[in-house]
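Within every chain, numbering begins at 1; the chains are lettered A, B, ... in the order of the sequence lines, protein sequences first and strands thereafter.
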There are 2 protein chains.
Amino acid sequence: MLKKIKSFSVPTLRRLPLYLKIARREQSAGKLIISCSDIARECRLDPILVRKDIASTGVVGQARCGFPIDKLIEAVEIFLGWRGGKDAFLVGVGHLGAALLKYEKFQEHGLMIIAAFDIDKQKTKQKIGNIPVFLISKLPDLAKRMRVPIGIITVNADTAQDIADIMVDAGIKAIWNFAPIVLKVPESILVENVSLSASLGVLTSQLNRQKDSDE
Amino acid sequence: MLKKIKSFSVPTLRRLPLYLKIARREQSAGKLIISCSDIARECRLDPILVRKDIASTGVVGQARCGFPIDKLIEAVEIFLGWRGGKDAFLVGVGHLGAALLKYEKFQEHGLMIIAAFDIDKQKTKQKIGNIPVFLISKLPDLAKRMRVPIGIITVNADTAQDIADIMVDAGIKAIWNFAPIVLKVPESILVENVSLSASLGVLTSQLNRQKDSDE
DNA sequence: AATATATCGATATAAATATATCGATATATT
DNA sequence: AATATATCGATATATTTATATCGATATATT
């Protein structure tokens, strides 16, 4: 039976990790309760917005006090799918790919990069960040047998679509794409793009306009 | 005189670099004209949206044909502030910082990383991606003398605010922040955040919900 | 040459997102 | 104990963003 998937606002999903980070820090500092106003102040957001975001995770707060931090953290982690780690394969062991492999904190986000792949045989000779590197030809079999749900693409724009095709064939359900193209994949496959150009564009465009108005 | 800064939609600013990339590629392939429908098809967006985005750059098209690619590229580049490169300093030569220093294509985005900084003296001994690395204590003087407008923060969350303070004191106008915190800076300073957690949160959250509904 | 079609540009509508308002309630203060 | 205050939760409004509609126009087709 095809259930309608309740979709949540992407802006909300993008803010929640920040709230989580703050909540975890406050918990480490010994606090038991945290309010939306506290979080909003630190994020420079409207408390009402923070409250609505948090409400979508389903956690219930206490009037006048706030939310029990442990319950809040649990609710956000479950909501984001960060409880019970998900396996991922990374393809493209270049500068960026290697940096991601060496980043230790993805576990905090429930992401376990268990293997990396590249076309360059040289790169398969050593582990990076304790993660083994294989030839790309090994991906399909491994992905199918291990039922890996997430693929990370850190190859260049020219080869990204080919890698996406291989991932889809291998049964990967979600792609975290760092290449600056729009991947063509079946509708059922999730794609989340990280675009440095997009981010840089926002910055430099606004910087230009600000400068112009100063003169 | 304080002119009101005309602000453009951030979603539009985030899509324009993609259109630009496509336009450049088509130009290399010899095409002289490109239509919003062409771009929309490739980006999997509504042509009307693409047309509106492009309209905000001020370029004018030709009914039934599209936009002259050279004019379109020029307009988008100017709009994004990517004509006539901008200097930048990067602070934090860790895995990610080093990867950005080695990335050669920022020039296509009008960004020139002319120096990097770190607290670790060891790191100052060699260039990375042909960019020299200095001790962080050298930043203020260099930034002021060279009037560097952009600072890139690739340190960890604990030190990011300190680095931002140093950058602001040194006259930097815009910060490209890769650390997972909300920086506290004066209103006149632009901040653009790149948040891997946010991006990952969108992916894993949706992946979870999809899985739940399958069962 | 007349007609059809694709696209631009402008305007209008719809949908998504953010902000404001208000009552209820638990703690702090007088 | 009574009152004030901060915060939640729900509902309502405003703003932003995306989509739809329509006329004008340049090319392609008949």
Could you go through residues 189-196 of chain A and list every donor-acceptor pair under 3.5 Å that involves a side-chain atom there, pairing it with any protein atom two or more places apart or in another chain?
| from | atom 1 | to | atom 2 | distance (Å) |
| --- | --- | --- | --- | --- |
| A:E192 | OE2 | B:S199 | OG | 3.1 |
| A:N193 | OD1 | A:N177 | ND2 | 2.8 |
| A:S195 | OG | A:A198 | N | 3.0 |

Please tabulate, for the side chains in residues 59-81 of chain A, all donor-acceptor contacts under 3.5 angstrom to protein atoms that are two or more places apart in sequence or on a different chain.
| from | atom 1 | to | atom 2 | distance (Å) |
| --- | --- | --- | --- | --- |
| A:E77 | OE1 | A:R83 | NE | 2.7 |
| A:E77 | OE1 | A:R83 | NH2 | 3.0 |
| A:E77 | OE2 | A:R24 | NE | 3.4 |
| A:E77 | OE2 | A:R24 | NH2 | 2.7 |

Under 3.5 Å, which donor-acceptor pairs link side chains of residues 90-102 of chain B to any protein atom two or more places apart or in another chain?
none

For residues 103-116 of chain B, dump all side-chain donor-acceptor pairs below 3.5 Å to protein atoms at least two apart in sequence or in another chain.
| from | atom 1 | to | atom 2 | distance (Å) |
| --- | --- | --- | --- | --- |
| B:H109 | ND1 | B:K105 | O | 3.0 |
| B:H109 | NE2 | A:S197 | OG | 3.2 |

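Applying the side chain to side chain donor-acceptor pair (under 3.5 Å) rule to B:D165 yields the partners B:Q161; only residues at least two apart in sequence or on another chain are considered. Not a single ring-ring contact (aromatic ring centres under 6.0 Å, His included) links A:Y19 to another residue, sequence neighbours left out. Checked against side chain to side chain donor-acceptor pair (under 3.5 Å), B:T154 has no partners two or more places apart in sequence or in another chain. Partners of A:T159 under the side chain to side chain donor-acceptor pair (under 3.5 Å) rule, at least two apart in sequence or in another chain, are A:N156.
Counting only residues at least two apart or in different chains, salt bridge (Lys or Arg N to Asp or Glu O under 4.0 Å) contacts with residues 34-60 of chain B comprise B:R15-B:D53, B:R25-B:E42, B:K31-B:D38, B:D38-B:R41.
The stretch residues 23-42 of chain B touches DNA chain C through B:S35, B:C36, B:S37, each having a heavy atom under 4.0 angstrom from the strand.
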Nucleotide by nucleotide, nucleotides 17-30 of chain D touches protein heavy atoms under 4.0 Å in the pattern (B base, S sugar-phosphate only, - none) SBBBB---BBBS--
So what does the secondary structure string of DNA chain D come out as, 5' to 3', with Watson-Crick or wobble pairs under 3.5 angstrom, [ ] for crossing and | for pairs with another strand?
||||||||||||||||||||||||||||||
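Between B:L13 atom CG and D:dT16 atom P the separation is 15 Å, expressed in whole Å.
For the residue pair B:A179 and B:A160, the shortest heavy atom distance occurs at CB-CB, 3.5 Å.
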